[in-house]
Amino acid sequence: MTVAVYGATGRTGRLVVSELASQGVECVIGGREPRRVAELAERQRGVVDARTAGLEDPGSLKALLAGCDVVVNCAGSLAGEGMVRAAIETGTHYVDPAGKQPFIR
């Protein structure tokens, strides 16, 4: 199983990536800032890929999810609607650890 974590460079995202890696889950980390995403990928074991995706670019969000079974959206409501749409279009399961009900529905 491969899990994409969007917003991976934030506090919640780093915790999620760390926990997934400790359980042996392959992670694709994603975010908006290429430098921060690359730095995290270098430090974190278990990361199989690092991808940047802009919230205003649906194509980049779908590319982020390519080959992933699940996406954990740690960017909160900033990425909610766009990430949900990308998950639906790519058939990727969606998890929102913040429990934002409008995006979960």
If I compare all heavy atoms of [X] with all of [Y], which pair ends up nearest, and what's the gap?
| X | Y | value |
| --- | --- | --- |
| G67 | T2 | O-CB, 3.9 Å |
| A53 | R32 | O-CG, 3.6 Å |
| S60 | G54 | OG-N, 3.0 Å |
| C68 | V28 | SG-CG2, 3.8 Å |
| P97 | V72 | CD-CG1, 3.8 Å |

Euclidean distance, [Y] [atom2] relative to [X] [atom1], rounded to 0.5 Å:
| X | Y | atom1 | atom2 | value |
| --- | --- | --- | --- | --- |
| C27 | E19 | SG | CD | 10.0 Å |
| E81 | N73 | CD | CG | 12.0 Å |
| M83 | L64 | CE | CG | 5.5 Å |

State, with a plain yes or no, whether a side-chain heavy atom of [X] is found less than 4.5 Å away from one of [Y].
| X | Y | value |
| --- | --- | --- |
| L65 | Y94 | no |
| H93 | V95 | no |
| R51 | V37 | no |

| query | Given the rule that I, L, V, M, F, W and Y join up when any side-chain heavy atoms are under 4.5 Å apart, are V17 and V25 in one cluster? | reply |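 Same cluster.
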| said: Please tell me whether M1 and V16 are part of a single hydrophobic cluster in this structure, the criterion being side-chain heavy atoms less than 4.5 Å apart. | reply: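 Yes, one cluster joins them.
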| task | Return yes if some donor-acceptor pair links the side-chain N/O of T12 with the main-chain N/O of C74 below 3.5 Å, else return no. | result |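 Side chain of T12 to backbone of C74, a donor-acceptor pair under 3.5 Å: no, none is there.
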| Identified side-chain contact (heavy atoms from CB on, under 4.5 Å) counterpart of V47 within the set I29, L40, L20, V5 |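 Among I29, L40, L20, V5, the one that satisfies the side-chain contact (heavy atoms from CB on, under 4.5 Å) with V47 is I29.
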